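Report on one structure; see the data block that follows.
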Amino acid sequence: MITCTIDGVEVTVPAGTSILKASKEAGVKIPTLCYHPDLHPWASCGMCIVKNDRSPKLMRACATEAVEGEAYITGDNEIISVRKAVLELILSEHPDDCLTCGRNNNCELQTLAADFGIREEPFDKNLHPLPKDTSTPSIVLNPEKCIKCGRCVHVCQDLQGVYALEFLDRGENTRLAPAADVQLNDSPCIKCGQCSAHCPVGAIYEKSEWEKAVAAINNPDVHTVVQIAPAVRVAIGEAFGLESGSLMTGQLYTALRRLGFDKIFDTNFAADLTIMEEGTEFIKRFTEEQESLPLITSCCPAWVDYMEKYSNDMIPHFSTCKSPQQMEGAMIKSYYAEKHNIDPKDIYVVSIMPCTAKKAEAQNCDDMFSTGCKDVDVVLTTREIARLIKMSGIDLPNLPESDVDSLLGTYSGAGTIFGVTGGVMEAALRTAVSKITGETLPKVEFEGPRGMEGVKEAELDVAGQKVRIAVAHGMANIETVLNTVRAAKAEGKELPYHFIEVMACRGGCIGGGGQPHGADDETRAKRTAGIYQDDEKSVVRCSHENPDILTAYKEYLGEPSSHKAHELLHRSYRN
Ligand code: HC0
Ligand code: SF4
């Protein structure tokens, strides 16, 4: 440990702690722009400059370690005027269309400009008009608004291991672009949206589609059905000033009803359905088809995109299950449509997702049109639905709670934990272990898949047999897991894992690229706690005990993995 002082406040921190982090401990907030707690600092913007009391030399607090006995000054007149000049230079290259920018009121540059009292721009405006890249179904790049902080590039490379973005050209012509200067949709991008979640300004954002949902709601000939994903309920409150992790399920159902949707369903129901299908798939592979192990989860569309692009040797190991989003859509346009005698072509399914890749998934391949039309018509991120709720004058935090509609809405605790890393695995284990042993689980919680480590491994004893699992989150963490599998296969060794869960985003979907801005590990921990709270308060904790799931099989699907289930709920992959 070392002890130093920050603006006169003594603080003791572990050796190696940056001045920025030590300042936080001391209750001193140093302004930053390029820094993000998810990423290693690269000290490019210069906002966090500080000095010590012995030298006029300015240091970058994000990338400089605090030293024993030093006294740091974080905001004298000189420091403030340098920071102000940094901001003014950035503003000279930034369009002044804040009022119509998607990040208005939620922009880190705008906030800093306000905090530093910038009332005029002393430098000549030096804009660099650049075209928007709207080529993907998921996110939009507006390089004109880029402040070259580099967060998106580092997120894409370091957290996601994708390398889809880079800075091209030099000096004042430096610009953000997809790698090799192609359109983003032709780049390695997996549409995870982490770049948009980490962008401090309006340079990268979700492709907004709320108008399509509103048009469907306002069309009397269209029957609108909405589903909400597990992770949305614990994050949307943030957009309304509530604490991260606030569980808003009941209020959200009410808000969606007030927006005018005809039916309110829940993706968590389909998460339970996924477990029925994927659990059955796992048991079959584990007991009869060991050569197709490990089974790898397929519900994260950014991961599927990554796998199809970079790891297609793993296709035989992939679960053939569609994601819950797509299962829910398929069930709405088949089972629900038939039961209510509605032509699936007259149904419009809107998904509320924490994820931008879900927008691409909904139109990914023919399998996503299982009833002859799109299973899911439009996907709105948490950020988009929050805006729609606000513009409709709905006061989400003060709404009464209401219930989900019946048939495809009721969910178990296992369904809701899909929203966190390890949740799909834990939900699958709850059902698979129960089915293999033929016993009701005395305790449904499995600790092995839980937690924020990038790769988690565990071994379980199930009816005398070892089941080895791995859970990876944050796309850059998956290669080590896959390489372990590849090495064991090449050397004819025992498989390191029987079942692998992968989620592209850190923390799982609670950390999705479509969630409210500003998330870090603290936020993710609170959202995760909200999800586990939802599980704990559920009366039914296992997917195979969800009464509406049992009814759906009895009335419509037959058995898990039946012909009908395969037609509606399973998919193929691009090789
Ligand atoms: Fe997820 Fe999902 S858990 S991917 O993170 O499996 O987006 O929340 O909706 O589909 O259920 C996202 C979240 C989902 C799906 C579910 C899965
Ligand atoms: Fe990279 Fe994901 Fe952004 Fe694509 S969406 S550029 S993969 S961070």
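What you see is a predicted model, and the numbers here were worked out from it, not measured in a lab. Atoms within each ligand, like the ligands themselves, are counted from 1 in listed order. In what follows, every heavy atom counts, from backbone to side chain, and hydrogens, waters and symmetry copies are set aside. Quick note: residue numbers are just sequence positions, from 1.
Close contacts of ligand 2 with K191, meaning ligand atoms under 4.0 Å from a residue heavy atom, involve 4 (Fe), 5 (S).
Taking only nitrogen or oxygen atoms, main chain and side chain alike, M503 does not reach within less than 3.5 Å of ligand 1.
Among protein heavy atoms, the minimum distance from atom 5 (S) of ligand 2 is reached at G193 N, 3.1 Å. What sits closest to atom 14 (C) of ligand 1 on the protein, heavy atoms only, is P230 CD, 3.7 Å.
Protein N/O/S atoms found under 2.8 Å from atom 1 (Fe) of ligand 2: C156 SG.
Both tests do not hold together for R151 against Y35: distance to the six-membered ring centre under 6.0 Å, angle to the ring axis within 45°.
By the criterion of a heavy-atom distance under 4.0 Å, the side chain of K358, and not its backbone, is placed next to ligand 1. Contacts between M353 and ligand 1 below 4.0 angstrom, taking non-hydrogen atoms only, involve the side chain exclusively.
D377 has no carboxylate O lying under 4.0 Å from a charged side-chain N of K374, or vice versa, which leaves the two without a salt bridge. Ion pair R524/D38 flagged as a salt bridge, since at least one NZ, NE, NH1 or NH2 atom sits closer than 4.0 Å to an Asp/Glu carboxylate oxygen.
Outside the 6.0 Å centre-distance limit, the rings of F286 and F499 are not counted as a close aromatic pair.
The shell of residues lying under 4.0 angstrom from ligand 1, judged by heavy atoms, excludes G512.
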Practice item. Go through the steps to decide whether K526 and D521 satisfy the test salt bridge (Lys or Arg N to Asp or Glu O under 4.0 Å), and finish with yes or no. Key: CA-CA 9 Å; K526 288 178 184 169; D521 274 352; over 6 Å; no

